[in-house]
Participant: 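Let me begin by handing over the structure; questions about it come next.
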2 protein chains.
Amino acid sequence: MATRIVIFEDNEKVRSSLVTLLGNESAYVVTGAHPDASDVGRRIRQETPHVVILDIDMPGMNGISAIPLIKEVDPEISIVMYTQFEDDEKLFKSLCAGADGYVLKKTSPGNLLAAIEEVRAGGAPLSPAVARKVLFSFRDQRQSSHAKYELTDREIEVLQLLIKGYSVKLIAAELHIAYDTCRSHLRNIYRKLHVNCGKEAIAKVLAEKIVL
Amino acid sequence: MATRIVIFEDNEKVRSSLVTLLGNESAYVVTGAHPDASDVGRRIRQETPHVVILDIDMPGMNGISAIPLIKEVDPEISIVMYTQFEDDEKLFKSLCAGADGYVLKKTSPGNLLAAIEEVRAGGAPLSPAVARKVLFSFRDQRQSSHAKYELTDREIEVLQLLIKGYSVKLIAAELHIAYDTCRSHLRNIYRKLHVNCGKEAIAKVLAEKIVL
DNA sequence: GCACATATCACCCTAAAAGGGGATTGTGGA
DNA sequence: TCCACAATCCCCTTTTAGGGTGATATGTGC
């Protein structure tokens with residue numbers, strides 16, 4: 001069965017060239033091509049696409065806002081952003097809103113075909129520069145340290161309970177140690193983390209992704 | 001100039017077929033092909049590759065451990081993992097260790113060539129299933145809500161200071177309000193977040209990435 | 001005007017946390 | 001052997017946080 005595609009793209013020229021490009025392939029059927037994202041829910045319901053090609057900068061509703069509306073109709077529909085924008089803001093917002101791919105317009109039209117294939121195969125087609133940004137961001141968000149503060153095993157145990165919101169008394173009970181022992185560990189932790197109270201410690205640990 | 005490539009792959013057959021595949025392309029020069037990652041630093045220094053193809057499961061040192069050693073020699077060297085493993089553990093560890101791409105062996109050899117091209121172009125070549133996992137993980141880590149708890153603007157201000165580790169007194173001073181007013185806001189916040197104390201609130205907010 | 005939410009402030013009391021000072025074991029290394 | 005350090009516990013004081021129960025002003029919407 002042919003892949004059903006709907007296009008949202010305000011630029012007349014780009015839109016018609018996409019329709020031509022995709023129309024030449026028997027594997028694709030363009031069931032809709034619109035210059036804006038108004039009434040996007042109804043259109044998607046009528047045109048039942050497998051893949052939506054979505055521009056970001058359009059008059060009226062912008063492409064990013066349209067993403068959740070499309071996924072609301074059917075979360076199985078794949079959304080590929082097709083845009084000239086390379087800035088982190090639009091990129092991250094799009095991906096977090098639920099876009100499955102992000103292809104830059106400066107790449108060749110053939111790449112868009114490849115992206116459609118990839119997204120149909122369950123992939124996440126990203127232009128090289130975009131993939132790089134996502135990878136770097138991904139990496140940054142997963143860095144964890146905890147070694148540099150030289151916490152002991154026991155201190156890490158105490159800290160893990162602390163950042164779950166446990167009170168000192170509860171931590172002591174959980175670890176089967178005396179209240180004062182627990183306080184003693186906490187004091188050492190505070191000293192090592194250069195903080196003055198439990199709240200600061202929680203904030204620091206979670207903000208810097210220590211322990212985990 | 002041809003792209004210089006070094007291969008680490010313990011399987012004799014796979015390794016030689018890679019050498020043949022890449023040798024047939026004039027754009028590539030394989031300057032090294034090794035069955036394990038022992039002495040990886042010295043080898044990389046001698047063979048000065050642009051791109052390293054790295055298997056994960058090898059006798060002796062595994063591929064993931066080799067990543068930082070390669071990047072240590074020259075962080076400009078691109079590393080493409082080439083493996084049969086699709087599990088999250090190896091994938092995330094590889095990417096966090098500094099791998100620039102992750103290609104599954106089950107994909108066609110042509111995809112490996114495409115991946116080398118993509119990584120040379122500054123991209124992050126990921127097999128479709130892998131790209132999907134990275135994207136989902138990326139999205140999960142950036143979800144923020146704060147609307148669903150119906151906090152008022154003022155409450156959000158107070159909460160933002162709280163999660164920076166500020167004491168009640170400090171928050172009050174910062175916002176130029178009375179200590180009791182601040183406590184009043186905090187009580188309302190705790191009620192709305194269904195928590196019982198500031199530490200739980202901080203833990204909940206940072207763990208669920210509310211506000212921000 | 002009235003209901004309602006928000007933001008502001010006040011006072012009381014208890015519980016929890018933090019800061020400071022100890023002390024005792026046991027383990028592992030210099 | 002002795003020292004350092006981790007882990008355990010105890011006592012004391014001060015500060016902070018939290019629960020309860022109010023009040024007042026200021027908007028906003030019907």
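Every chain is numbered from 1 and lettered A, B, ... according to where its sequence line falls, protein lines coming before strand lines.
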Participant: Applying side chain to side chain contact (heavy atoms under 4.5 Å, CB included) to B:I67 and B:M81, what does each step give before you reach the verdict?
Facilitator: CA-CA 9 Å; B:I67 296 172; B:M81 306 309 286; 3.8 Å; yes
Participant: What is the nucleic acid contact for B:Y190, judged by heavy atoms within less than 4.0 Å: base, sugar-phosphate only, or nothing?
Facilitator: sugar-phosphate
Participant: Does the side chain of A:H185 get closer than 4.0 angstrom to OP1 or OP2 of D:dT8 through an N or O atom?
Facilitator: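 Yes.
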Participant: At the 4.0 Å heavy-atom cut-off to chain A, mark where contacts on DNA chain C begin and end, going 5' to 3'.
Facilitator: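 Range of nucleotides touched by chain A: C:dA16 to C:dG21.
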Participant: Pick the nucleotide of DNA chain C nearest each of B:R183 and B:K199; which residue has the one closer to the 5' end?
Facilitator: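 Going by which nucleotide is closer to the 5' end, it is B:R183.
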Participant: How close or far is atom P of D:dC9 from atom CD1 of A:I177, stated in whole angstroms?
Facilitator: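 To the nearest whole Å, that distance equals 7 Å.
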Participant: Should we say atom CG of A:D87 is surrounded by more than 12 heavy atoms from elsewhere, each under 6.0 Å from it?
Facilitator: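 Counting other residues, nucleotides and ligands, CG of A:D87 exceeds 12 neighbours.
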Participant: How far does CZ of B:R154 sit from NE2 of B:H185, to the nearest 0.5 angstrom?
Facilitator: 5.5 Å
Participant: Mapping B:Y179 and B:K192 onto DNA chain C by nearest heavy atom, which one lands closer to the 5' end?
Facilitator: B:K192
Participant: Got a donor-acceptor contact below 3.5 angstrom from the A:T152 side chain to the A:E155 backbone?
Facilitator: yes
Participant: With heavy atoms under 4.0 Å as the rule, sort B:N188 into base, sugar-phosphate or nothing.
Facilitator: nothing
Participant: Going from CG on A:N188 to CD on A:E150, what distance comes out if it is rounded to the nearest 0.5 angstrom?
Facilitator: 13.0 Å
Participant: I need the CD-P distance between A:E155 and D:dC5, as an integer number of Å.
Facilitator: 13 Å
Participant: Mind checking if B:T181 touches a base, just sugar-phosphate, or nothing, with heavy atoms under 4.0 Å?
Facilitator: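 Base contact.
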Participant: Quick one: label B:S167 by what it contacts on the DNA or RNA (base, sugar-phosphate, nothing), any heavy atom closer than 4.0 Å.
Facilitator: sugar-phosphate
Participant: Return yes if the base of D:dG20 and the side-chain atoms of B:R187 contain a donor-acceptor N/O pair under 3.5 Å, otherwise no.
Facilitator: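 Checked by distance alone, the answer is yes.
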Participant: Once you round it to whole Å, what is the distance between C1' of D:dA17 and NZ of B:K169?
Facilitator: 12 Å
Participant: Check this for me: B:K105, atom NZ, are more than 12 non-hydrogen atoms of other residues, nucleotides or ligands nearer than 6.0 Å?
Facilitator: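 Yes, the 6.0 Å shell around NZ holds more than 12 heavy atoms from other groups.
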Participant: Nearest whole angstrom, please: distance from the C1' of D:dA17 to the CD1 of B:I171.
Facilitator: 11 Å
Participant: What is the distance, to the nearest angstrom, from the CD1 atom on A:I189 to the P atom on D:dC5?
Facilitator: 18 Å
Participant: D:dA25 P sits how many Å from B:D180 CG, rounded?
Facilitator: 18 Å
Participant: Could you check whether any side-chain N or O of B:K204 sits under 3.5 Å from a backbone N or O of B:V195, counting only pairs where one atom can act as donor and the other as acceptor?
Facilitator: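 Pair absent, no side-chain N/O of B:K204 close to backbone of B:V195.
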Participant: What is the distance, to the nearest angstrom, from the CG atom on A:D153 to the P atom on D:dC5?
Facilitator: 17 Å
Participant: With a 4.0 Å cutoff (strictly under), does any side-chain N or O of A:R154 reach OP1 or OP2 of D:dT8?
Facilitator: yes
Participant: Nearest whole Å is fine: how far is D:dG18 C1' from B:R191 CZ?
Facilitator: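 For the pair B:R191 CZ and D:dG18 C1', the rounded distance is 15 Å.
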